[in-house]
There are 2 protein chains.
Amino acid sequence: MLSKIQQEAKEVLTNYIEKNQLRKTPERFSILEMIYDTEGHFDAEQLYINIKNKSINVSRATVYNTLDVLVACELVTKHQFGSNHAVYEKAYGSRQHDHLICMECGEVFEFCDPRLHQIKQTAAELFDQKVRNHALTLYGNCQKEKCPNKKK
Amino acid sequence: MLSKIQQEAKEVLTNYIEKNQLRKTPERFSILEMIYDTEGHFDAEQLYINIKNKSINVSRATVYNTLDVLVACELVTKHQFGSNHAVYEKAYGSRQHDHLICMECGEVFEFCDPRLHQIKQTAAELFDQKVRNHALTLYGNCQKEKCPNKKK
DNA sequence: CTCGGTGCAAAGCTTTTGCATCCGC
DNA sequence: GCGGATGCAAAAGCTTTGCACCGAG
């Protein structure tokens, strides 16, 4: 059974599809459901594998296409943490947040700072732009004996 | 003839090479010089082409390898604006800054906001990490008839 | 019935890798 | 000379594309 968040996400997608005259294909809703069953970050390939494992027949092309749609309707956020490897996460029902990545072990921390909103406003005024979105990632190193899973 | 900035950048690289027991290969210095002759952002392929055009024989592998070295010694900054396409820019002698990208025309604005430093400090304390670096990119749309070179 | 969306596989693009050679130290 | 660095080309990895087919509206 679907959670409240999942149902609401489904509505958002439905509205977006109707407003933009796209088609309500079962694949799009299967993928959305799969994403909202996933905690934390994931990449396109993992999503593809997870869906295949549920014996749902989708192609990589459809996964990528659908991810674009979901990013466009703001149900999913796309991050470019490393090179050449986009990671995604569900956006609806989650607080907007940014990331701090430990370069020692790769652990990802999430945080939220209201001052960022002020920065966005200031920049928007300065360049006469409407700022729709942002990506802030901090790169750090642990201080102590934490970071149990050091990379190499 | 070399500018003051170029000479200082060269010294930074020399120091880094000596400290880390790397080798002072002519390729590394050619690439550094090429980068410091370049204004604004560039990608690995463009850099490779520019160097080839000066009839200096380097391979892509060396370009990528050297970019890594230059990023490590903080002479060059690497950005992941879009998917699958890293762009770089020289870092030495330039003010630390962040970017606002217009999604209409792709134009890149640069700005600097001291409040970001406070955000970094707060996050560092919160997760007991030492924050070495950050990447902040805002995504916007123009408001008016600016943005002459709209994409499509 | 139309044509947007899909599946599949192949192509595309940036980046990395293997290996023989080269040259800084 | 030793071993890191390079050049070349091939391989890898993520993402996109071409094409025929399917199915939502």
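The sequence lines fix the lettering, A, B, ..., with proteins before strands; numbering per chain opens at 1.
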Residue pair A:Cys73 / A:Val12: nearest heavy atoms and the distance that separates them: O-CG1, 4.0 Å
field: B:Phe29 backbone acceptor or donor facing B:Lys10 side chain under 3.5 Å
entry: no
B:Ala86 side-chain proximity, nearest of C:dT15, C:dG5, C:dG7: C:dT15
Pair A:Lys24 + A:Glu18, salt bridge at N-O below 4.0 Å: yes
task: Please confirm whether any donor atom in the side chain of A:Arg23 sits under 3.5 Å from an acceptor in the base of D:dG25, or the reverse.
output: no
field: Contact summary for B:Lys78 and B:Ala86, nearest pair of heavy atoms
entry: CE-CB, 3.6 Å
message: If I take atom OH in residue A:Tyr48 and atom P in nucleotide D:dT16, what distance separates them, rounded to the nearest angstrom?
response: 16 Å
task: Measure the distance from CD on A:Gln80 to P on D:dC14 and round it to the nearest whole Å.
output: 12 Å
Euclidean distance, atom CD1 of residue A:Ile49 to atom P of D:dC14 [Å, nearest integer]: 10 Å
- line: residues 99-124 of chain A vs ring-ring contact (aromatic ring centres under 6.0 Å, His included), sequence neighbours excluded, gives A:His41-A:His99, A:His79-A:His99, A:Phe81-A:His99, A:His97-A:His99, A:Phe109-B:Phe127
message: Based on the rotation axes of five pairs at each end, what angle does the helix from C:dC1-D:dG25 to C:dC25-D:dG1 bend through, to 10°?
response: 40°
- prompt: Rounded to the Å, how far apart are A:Asn20 CG and C:dG4 C1'?
  reply: 14 Å
Distances under 3.5 Å between nitrogen or oxygen atoms of protein and nucleotides 16-18 of chain C:
none

query: Using a cut-off of less than 4.0 Å, is there contact between a side-chain N or O of B:Thr25 and OP1 or OP2 of C:dG24?
result: no
Touch class at under 4.0 angstrom, heavy-atom based, for B:Asp43 against every strand present: nothing
message: Looking at every heavy atom in both B:Thr38 and B:Met34, which two are closest together, and how far apart are they?
response: OG1-O, 2.9 Å
- prompt: Which whole-number value in Å describes the distance from B:Lys24 NZ to D:dT6 C1'?
  reply: 19 Å
message: Looking at A:Thr122 and A:Gln118, would you say the former's side chain and the latter's main chain have a donor-acceptor pair under 3.5 Å?
response: yes
query: Roughly how many Å is it from CG in A:Asn57 to C1' in C:dG5, rounded to a whole number?
result: 14 Å
message: Given C:dC8, D:dG7, D:dC14, identify the nucleotide with an atom nearest to the side chain of A:Lys52.
response: C:dC8
query: Using a cut-off of less than 4.0 Å, is there contact between a side-chain N or O of A:Asn65 and OP1 or OP2 of D:dT17?
result: no
- line: Of the candidates D:dG7, C:dC8, C:dT14, the side chain of B:Ser59 sits closest to D:dG7
- prompt: Are A:Arg132 and B:Tyr139 in a cation-pi contact, defined as NZ or CZ under 6.0 Å from the six-membered ring centre and within 45° of the axis?
  reply: no
- request: On DNA chain C, check which nucleotide each of B:Ala44 and B:Pro26 is closest to and give me the residue with the more 5' one.
  value: B:Ala44
- line: Tightest non-hydrogen contact, residues B:Thr77 and B:Ala91, listed as OG1-CB, 3.3 Å
query: Just by modelled atom types, is the B:Glu74 backbone N or O under 3.5 Å from a matching donor or acceptor in the B:Tyr16 side chain?
result: no
Between P of C:dT14 and NE2 of A:His85, the distance in whole Å: 18 Å
